[in-house]
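Data block below; observations after.
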Amino acid sequence: MDNRPFRSVLYIPASKPRAMDKARGLACDAIIFDLEDAVAVDEKPAARALLARTLQDSDFGPRAKLCRINGFDTEWARDDLDALAPARPEAILLPKVNTADDIQQLADILDSHPGTADTRIWAMMETPLGILNAASIAAAPRMAGFVLGTNDLAKDLNCRFRVDRLPLQCALQTCLLAARAAGIVAVDGVYNAFKDDDGLRAECEQGRDLGFDGKTLIHPAQLDVANASFAPDAAAIDLARRQIAAFDEATTKGLGVAVVDGKIVENLHIVTARQTLARAEAILKLQKAL
Ligand code: COA
Ligand code: MG
């Protein structure tokens, strides 16, 4: 897994040209152009054509671009892929993934068109069966990342919303285990109350603590909170630098262990420290290029 930032992953309905245009000036690390749930049935054909045109004509800079198609359980999935292929989509996000076979089916279709030869696959993890199969889905061909679909999952589990998301913890952590085992990205689900910054911040912090790379968002007003929560802060960067310096010094003395702030620092902590610095650098580089 490289250090490409996925702190803020903004959903944009592909039926909204103004919102798509606006995204070119927004501080989001990634965009999900949505043809699925954010687009009404009557709008699907127009949205699909508009998205294909937009991908070909507009420059979204270094932001990662994912296209969420409709699921294979609908009549629209194939048409979505046919329309997008000439635009050489960077990534297709498949909803309602239940098994690795769903990914293989999509990979076979992508294989069949030269426009999608390099297209990566992302999976919406949002069904009970999908969560139970997370490990094999993460390891399937072309897989680059998971997006948690916590609204759909809560619906299927029949669980209730809780601030601590206790009913979802097993699913969230199962997806994280599978993503990390396969070396792919894992992005947390949306926070529906898009005017509640404090609630969003708390949920971002929880996602970050669990190990997620970032959060999916529904409104531009949520960008700053997610970007801050999923970036290494000044204290983390300072600690990483001091750990590396102390460990280097210990090594030159022939020691395998250092102590920083009263805590032991071993080689494995140095791996994390270097990753923290690399992430911070990747974020700076992206920000400069936006
Ligand atoms: N991406 C980019 N721009 C967005 C945006 C988004 N997701 N949501 C809103 N905007 C833009 C609007 O176009 C508007 O721009 P303008 O002032 O230049 O016209 C501005 O931000 C303010 O929008 P606002 O009036 O506050 O929001 P709204 O009431 O029009 O829409 C939502 C609210 C929730 C319907 C809308 O944000 C949305 O459609 N979000 C995405 C939903 C989605 O994709 N769901 C599927 C995954 S869960
Ligand atoms: Mg969903």
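Both ligands and their constituent atoms are indexed starting at 1 by order of listing.
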- Do NZ/NE/NH1/NH2 and the carboxylate oxygens of Arg162 and Glu203 come within less than 4.0 Å? no

- Message: Determine whether the aromatic ring centres of residues Phe60 and Phe33 are separated by less than 6.0 angstrom.
- Response: yes

- Do Asn70 side-chain atoms and Leu35 backbone N/O form a donor-acceptor pair below 3.5 Å? yes

- Taking only Lys NZ, Arg NE, NH1 and NH2, and the carboxylate oxygens of Asp or Glu, determine whether Arg165 and Asp188 approach each other closer than 4.0 Å. yes

- Item | Sidechain N-carboxylate O distance under 4.0 Å for Arg241, Asp238 | no

- Item | Electrostatic pair Lys155:Glu126 at N-O distance under 4.0 angstrom | no

- Query: Which residues pass the salt bridge (Lys or Arg N to Asp or Glu O under 4.0 Å) test with Glu249, sequence neighbours left out?
  - Reply: Lys253

- Message: Residues around ligand 1, heavy atom under 4.0 Å from any ligand atom, sorted by chain and number. Can you pull those?
- Response: Leu10, Tyr11, Ile12, Pro13, Lys16, Arg18, Ala19, Lys22, Asp34, Ala38, Arg68, Phe194, Ile218, His219, Pro220

- Message: Does Asp233, at its CG atom, have more than 12 non-hydrogen atoms belonging to other residues, nucleotides or ligands within less than 6.0 Å?
- Response: yes

- Output, by chain and residue number, all protein N/O/S atoms separated from the Mg ion (ligand 2) by less than 2.8 Å. Glu126 OE1, Asp152 OD2

- Return the set of residues passing side-chain contact (heavy atoms from CB on, under 4.5 Å) with Val257 (not counting sequence neighbours), or none when no residue passes. Ile264, Glu266

